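What follows is a short report on a single structure.
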Number of protein chains: 2
Amino acid sequence: MRESGVKERILDTASRLFYDQGYHVTGINQIIEEADIARASLYNHFPSKTDLLLAYLDSTHASWFEELDAFLKPIEGPREKLLALFDFRIMRQKRYNYKGCHFNKITAEASDDQAVLARVKAHKERLRKLILELVDQTMYRSILNNEQLADTLFLLLEGGIAVGGMYRSSEAPEKAKQIAEAVL
Amino acid sequence: MRESGVKERILDTASRLFYDQGYHVTGINQIIEEADIARASLYNHFPSKTDLLLAYLDSTHASWFEELDAFLKPIEGPREKLLALFDFRIMRQKRYNYKGCHFNKITAEASDDQAVLARVKAHKERLRKLILELVDQTMYRSILNNEQLADTLFLLLEGGIAVGGMYRSSEAPEKAKQIAEAVL
DNA sequence: GTCTATAAAATGATAGAC
DNA sequence: GTCTATCATTTTATAGAC
């Protein structure tokens with residue numbers, strides 16, 4: 001009972017700080033202070049800072065797609081769902097103060113850790129696959145084939161969020177959505 | 001004479017390490033060791049690590065556009081120049097081992113430093129402006145107006161490089177170029 | 001399981017001789 | 001201008017009492 005509350009508080013605090021400030025700039029000391037737990041409790045639940053990082057990535061990945069599922073559920077039609085993907089990410093960026101994609105951000109910091117890279121890639125590939133499935137459900141025809149259209153949407157999404165992160169603004173992802181609307 | 005050689009060596013070494021490993025994970029000790037200079041020499045030329053960071057961004061920005069100018073010069077026609085932008089960035093990614101955009105990467109680390117954010121934004125806006133100028137020189141007509149087309153290319157570029165950085169591969173920017181070819 | 005105290009190493013930065 | 005020696009903090013992580 002108490003244990004799970006503590007573990008959750010550690011992970012929540014670490015997650016917030018890792019994204020907000022960055023991974024390397026966030027020290028164990030700050031985490032235990034803001035989570036209001038004892039030093040050894042952290043190391044009891046997470047043997048090292050790297051374990052905490054991987055737990056952060058795993059939980060973020062899981063909640064990201066859970067939240068997306070709930071977001072897309074009431075929306076009807078593959079085209080509308082595809083456009084809603086932009087809204088979903090814009091909404092999340094607003095919530096987290098426009099610092100860009102969680103996975104893009106951690107890649108910039110923990111760039112040589114294969115366990116990190118594997119998780120980042122798995123996360124993005126799942127999104128790309130979802131987009132392709134939705135595109136396949138549309139009756140889309142043009143100079144681009146379905147896979148190219150899916151990649152277009154995926155890259156517009158990633159580009160918009162990345163630029164939004166650099167500009168600290170929703171302008172780029174909003175434009176990306178408008179382009180997607182014109183293309184679809 | 002010696003001074004300028006030293007200063008240059010410091011900046012070159014720091015630039016390489018900041019991009020390769022990350023800013024926060026690169027210590028002053030490593031820089032002075034790999035640049036083979038004395039500790040105080042670094043602080044003589046760069047009062048603080050932050051000054052070194054800003055010098056890194058400024059020199060990277062300058063050499064980036066210098067190199068791009070030379071790259072685009074022999075290429076004829078705005079459409080070909082626009083497509084060459086993708087080649088330029090793919091070439092640079094290959095050279096630097098596919099770790100993504102320098103400016104995107106530093107934003108993920110030094111995210112609350114306004115001096116950093118301003119430089120990142122200036123760099124990206126200059127690229128976006130260049131793309132728009134080239135688009136204006138084409139006789140392009142479609143569902144997208146010129147500014148939207150420029151943004152499309154810009155976002156495809158940024159998305160491709162960002163995803164390429166996360167995947168450590170040139171696959172995404174190559175696809176982005178193919179899409180640009182189909183769209184233009 | 002949680003706590004406090006502490007270790008061992010690395011951090012950014014400075015002092016003072018040459 | 002460059003050098004070596006060093007400072008005060010902060011880093012991740014562990015030991016041992018409760």
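This structure is a prediction, so every number in the text was calculated from the model and none was measured.
In this structure, OH of A/Tyr43 is placed 16 Å from P of C/dT4, rounded to the nearest angstrom. Protein atom CD1 of B/Ile10 is 11 Å distant from nucleotide atom C1' of D/dT2, rounded to whole Å. Taking atom CG of residue A/Leu42 and atom P of nucleotide D/dT12, one finds them 10 Å apart after rounding to whole Å. Rounding to whole angstrom units, CZ of residue B/Phe46 and P of C/dT14 are separated by 16 Å. Between the CD1 atom of A/Ile32 and the C1' atom of C/dA5 there is a distance of 12 Å, given to the nearest Å. A/Leu53 places its CG atom 12 Å from the P atom of D/dA13, with the value rounded to the nearest Å.
The side chain of A/His45 sits closest to C/dT2 out of C/dG12, D/dA13, C/dT2. Here the nucleotide nearest the side chain of A/Asn44, chosen from C/dA13, C/dG1, D/dT2, is C/dG1. Closest to the side chain of B/Lys49, out of D/dA13, D/dT2, C/dG12, is C/dG12.
For B/Tyr56, the ring pair (Phe, Tyr, Trp, His ring centres under 6.0 Å) partners are B/Phe18, not counting sequence neighbours. By the salt bridge (Lys or Arg N to Asp or Glu O under 4.0 Å) test, B/Asp12 is found to be paired with no residue, residues two or more places apart in sequence or in another chain being considered. Annotation: ring pair (Phe, Tyr, Trp, His ring centres under 6.0 Å) contacts of B/Phe88 (sequence neighbours excluded): B/Trp64, B/Phe71. Partners of B/Asp136 according to the salt bridge (Lys or Arg N to Asp or Glu O under 4.0 Å) rule, which considers only residues two or more places apart in sequence or in another chain, do not exist here. Looking at residues two or more places apart in sequence or on another chain, you find a side chain to side chain donor-acceptor pair (under 3.5 Å) between A/Arg16 and A/Glu34. Under the rule for a salt bridge (Lys or Arg N to Asp or Glu O under 4.0 Å), A/Glu174 has no partner lying at least two apart in sequence or in another chain.
Taking 4.0 Å as the cut-off between side-chain N and carboxylate O, A/Arg95 and A/Glu67 count as a salt-bridged pair. For the pair A/Asp87 and A/Lys177, the salt-bridge criterion is met [side-chain N within less than 4.0 Å of a carboxylate O].
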Check: protein-nucleotides 15-18 of chain C nitrogen or oxygen pairs below 3.5 Å:
none

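If you check residues 18-31 of chain B against DNA chain D, you find no residue with a heavy atom closer than 4.0 Å.
Residue A/Ser48 has no polar side-chain atom (N or O) positioned under 4.0 Å from OP1 or OP2 of D/dT12.
Within the structure, the salt bridge (charged side-chain N to carboxylate O under 4.0 Å, His left out) test picks out the following pairs touching residues 144-154 of chain B (sequence neighbours left out): A/Lys175-B/Asp151, B/Arg128-B/Asp151.
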